[in-house]
*Asks:* 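Here it is, the structure, as structure tokens.
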Number of protein chains: 2
Amino acid sequence: MAPRVSADQARREQMVTERVVDSFEQAPPRLRELMQALVRHAHAFVRETRLTEAEWEAAIGFLHRAGEISTEERSEFILISDVLGISMQTVGVNNPPRDGATEATVLGPFFLDDAPEVPLGGDTAQSAPGEPAWVHGTVTDTAGQPIPGARLEIWQADESGLYDVQYTDGRTAGRACLFADEGGAYRFWAVTPGAYPIPTDGPIGGLLEASGRLPMRPAHLHFMVSAPGYRKLITHIFVEGDGYLTKDAVFGVKESLIKDFVRHKAGEPTPDGREVPDTWTEAGFQIVLVPEDGS
Amino acid sequence: MAPRVSADQARREQMVTERVVDSFEQAPPRLRELMQALVRHAHAFVRETRLTEAEWEAAIGFLHRAGEISTEERSEFILISDVLGISMQTVGVNNPPRDGATEATVLGPFFLDDAPEVPLGGDTAQSAPGEPAWVHGTVTDTAGQPIPGARLEIWQADESGLYDVQYTDGRTAGRACLFADEGGAYRFWAVTPGAYPIPTDGPIGGLLEASGRLPMRPAHLHFMVSAPGYRKLITHIFVEGDGYLTKDAVFGVKESLIKDFVRHKAGEPTPDGREVPDTWTEAGFQIVLVPEDGS
């Protein structure tokens, strides 16, 4: 969009940008590249929109409030990045589809790296309430060869849409790590995920509301899968039929990641003989990793 | 800069941007315009620079630390905006030069709106230490007509480069308001400003250091001038001969705002008969305001 200003004014504005760009000339190459691109885009944003001083003040206030509400376990800045699709764009730039490899999606703000280990076939949900879900598949490379012992980190919201870090009692639930077997196969119990709103008590909640956007995320189960010699995969699987699949507040849905969570009747025998008094679901997810040197 | 990617990948990345842009389609017109421009530029930044996931994490950490160090009286987010020239670009967009009006510059993070009033010719410095400076001029409109009773807010750093909000004892000094006389003339005592570094104990200090940029601001005295029917003017005057005039960390210097602070010998009589035992300086600053409906 061309600024609606005189040629003289446009030249003056361009000179401000160039002066700031030049100030990063002595930075190390990659930092220089990043800062100069950031400056050019930030200035172009101000010039194109003819940002008013009151709007600039509102933006500063927004960031200030984002800082105030952020804690060690809750980053409003990740939410801002997620809701503006910056996170998904970064995921896409760094994880182009290749050779049938499993697609990546956003990490989100709820991952913790010290989740407890459970045995293969164990329960990742622990005390997280919800309908049991049996999830299984095989981890292979792009040539279809199984990857024995691949490490899987699983985390999810419970049936109320809460992650354990949102519980008030500090307990760990709905997150665990486990290892695939010698044939790359894995299986575990979780709970059937449910849709939930991202936290709306900070400034990003106000932005979504003012914009007429929903804060909802479709139901999903997080995976982080790693094995020596392969690129770490960060992804989710989504639940087929979820009403929010086309309205994900963070734009994380990819067609290939939507899975059928088949519902079984109460009392139907489970794959591992676990006694489940009520209904349970079952979903398969084949995971394909890319070699580390694959580009 | 064209991304170094396949046409397929470029199309996929463009689709992510379009999906996020579309999500703001229902926002009120101005919010929609701002958010869609912000999304397009933020995504273009990620795509052009091929931002890595580690760099994204570093950016989130930077913002998180900016939030942590910010308080009611110190906004690291204003500093970020200043140091990236976003503040000056916003000032320039909203205050194009016209009809000889005085040029605007950045507000900075140190303005407070409850400064004490001093009489015309009074001392704005109060207990702020430094060499006395006699500052005077006339407030007129762009036709040269005086503006009687124009309000002037003055604030500045003392000879050590500290604003009163940076003092540990909470006292008010180096800030005051006063009113021009019936002929638009004004005069007051301040202290000769000195150059100083912007606060470097937050993440912006680290960015400047990593980029090989100085944190210094050339010596300056802040003015905010207002009168009914005129656009509020926010500006500084700078001290001629200051070594940092071409290296201002926030890009605020304009040629027309550099003034000669003429130094007088110790004991030389002052314009208002004040006894000054040591040297003192004197600077003139003619202020021209734009009518509120001037565009």
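Just so we're on the same page: letters track the sequence lines, and every chain starts at 1. Computed from a prediction, not measured in an experiment: that's the story for all the values here.
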*Asks:* Inspect the contact between A/Arg11 and A/Glu13 and indicate whether a charged nitrogen and a carboxylate oxygen are less than 4.0 angstrom apart.
*Replies:* no
*Asks:* Residue by residue, scan residues 203-215 of chain A and write down, ordered by number, those that have a heavy-atom distance under 4.5 Å to chain B; if none do, write 'none'.
*Replies:*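 Contacts with chain B: A/Leu207, A/Ala210, A/Ser211, A/Arg213.
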*Asks:* Carefully, step by step, assess A/Glu292 and A/Lys232 under the rule salt bridge (Lys or Arg N to Asp or Glu O under 4.0 Å).
*Replies:* CA-CA 8 Å; A/Glu292 221 152 38; A/Lys232 182 162 70 179; over 6 Å; no
*Asks:* With chain A, which of B/Val83, B/Leu107, B/Leu38, B/Val91 has the greatest number of heavy-atom pairs at distances under 4.5 Å?
*Replies:*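 Maximum pair count with chain A is reached by B/Leu38.
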*Asks:* Go through the atoms of B/Ser87 and report whether side chain, backbone, both or neither lie under 4.5 Å from a heavy atom of chain A.
*Replies:* both
*Asks:* So what's closer than 4.5 Å to chain B heavy atoms on A/Thr71: side chain, backbone, both or neither?
*Replies:*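 Just its backbone gets close to chain B.
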*Asks:* Pick one of side chain, backbone, both or neither for A/Leu63, based on which atoms fall under 4.5 Å of a heavy atom in chain B.
*Replies:* both
*Asks:* I'd like to verify something: which residue of B/His64, B/Glu57, B/Arg65, B/Met88 has the highest number of heavy-atom pairs under 4.5 Å with chain A?
*Replies:*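 Counting heavy-atom pairs under 4.5 Å, the top option is B/His64.
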*Asks:* With sequence neighbours left out, what residues match A/His236 under ring-ring contact (aromatic ring centres under 6.0 Å, His included)?
*Replies:* A/His220, A/His222, A/Phe238
*Asks:* Do B/Ile154 and B/Cys177 have side-chain heavy atoms sitting under 4.5 Å apart?
*Replies:*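 With C-beta onward as the side chain, the pair stays apart.
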*Asks:* Salt bridge check, B/Asp242 against B/Arg217: does any charged N sit closer than 4.0 Å to a carboxylate O?
*Replies:* no
*Asks:* Heavy-atom distances under 4.5 Å only: say whether A/Asn95 touches chain B with side chain, backbone, both or neither.
*Replies:* side chain
*Asks:* Side chain, backbone, both or neither: which part of A/Gln9 has a non-hydrogen atom closer than 4.5 Å to chain B?
*Replies:* side chain
*Asks:* Between the side chains of B/Thr49 and A/Glu33, does any donor sit under 3.5 Å from an acceptor?
*Replies:* no
*Asks:* Would you check if the side chain of B/Asn94 reaches a backbone N or O of A/Leu51 as a donor-acceptor pair within less than 3.5 Å?
*Replies:* yes
*Asks:* Is B/Leu31 close to chain A through its backbone or its side chain, or both, or neither, when contacts mean heavy atoms under 4.5 Å?
*Replies:* side chain
*Asks:* Can you tell me which of B/Ile78, B/Ile80, B/Ile69, B/Val39 forms the most heavy-atom pairs within a distance under 4.5 Å of chain A?
*Replies:*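 Most heavy-atom pairs within the cutoff with chain A belong to B/Ile78.
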*Asks:* Are B/Arg12 and A/Val93 close enough that some pair of their side-chain heavy atoms sits under 4.5 Å apart?
*Replies:* no
*Asks:* Name the region of A/Glu55, side chain, backbone, both or neither, that has any atom closer than 4.5 Å to a heavy atom of chain B.
*Replies:*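 Side chain of A/Glu55 only, per the 4.5 Å heavy-atom cut-off to chain B.
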*Asks:* Would the distance check show the side chain of A/Thr235 and the main-chain N or O of A/Glu103 forming a donor-acceptor pair, the cut-off being under 3.5 Å?
*Replies:*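 Looks like yes, one N/O pair under 3.5 Å.
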*Asks:* Give, as side chain, backbone, both or neither, the part of A/Glu68 having an atom under 4.5 angstrom from any heavy atom of chain B.
*Replies:* side chain
*Asks:* Which bit of A/Ala44 is near chain B, if near means a heavy-atom gap under 4.5 Å: side chain, backbone, both or neither?
*Replies:* both
*Asks:* Just jot down the ring-ring contact (aromatic ring centres under 6.0 Å, His included) partners of A/His41, sequence neighbours excluded, or say none.
*Replies:*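 A/His41 satisfies ring-ring contact (aromatic ring centres under 6.0 Å, His included) with B/His41 once adjacent residues are dropped.
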*Asks:* With a 4.5 angstrom heavy-atom cut-off, which part of B/Arg30 approaches chain A: side chain, backbone, both or neither?
*Replies:* side chain
*Asks:* Write out all pairs satisfying salt bridge (Lys or Arg N to Asp or Glu O under 4.0 Å) with one or both partners inside residues 19-29 of chain B, taking only residues at least two apart or from two chains.
*Replies:* none
*Asks:* Considering only heavy atoms and a distance below 4.5 Å, find which of B/Ser6, B/Pro97, B/Gly67 pairs most often with chain A.
*Replies:*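 Going by pairs under 4.5 Å, I would pick B/Pro97.
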*Asks:* Can you tell which part of B/Ser81 gets under 4.5 Å to a heavy atom of chain A, answering side chain, backbone, both or neither?
*Replies:* side chain
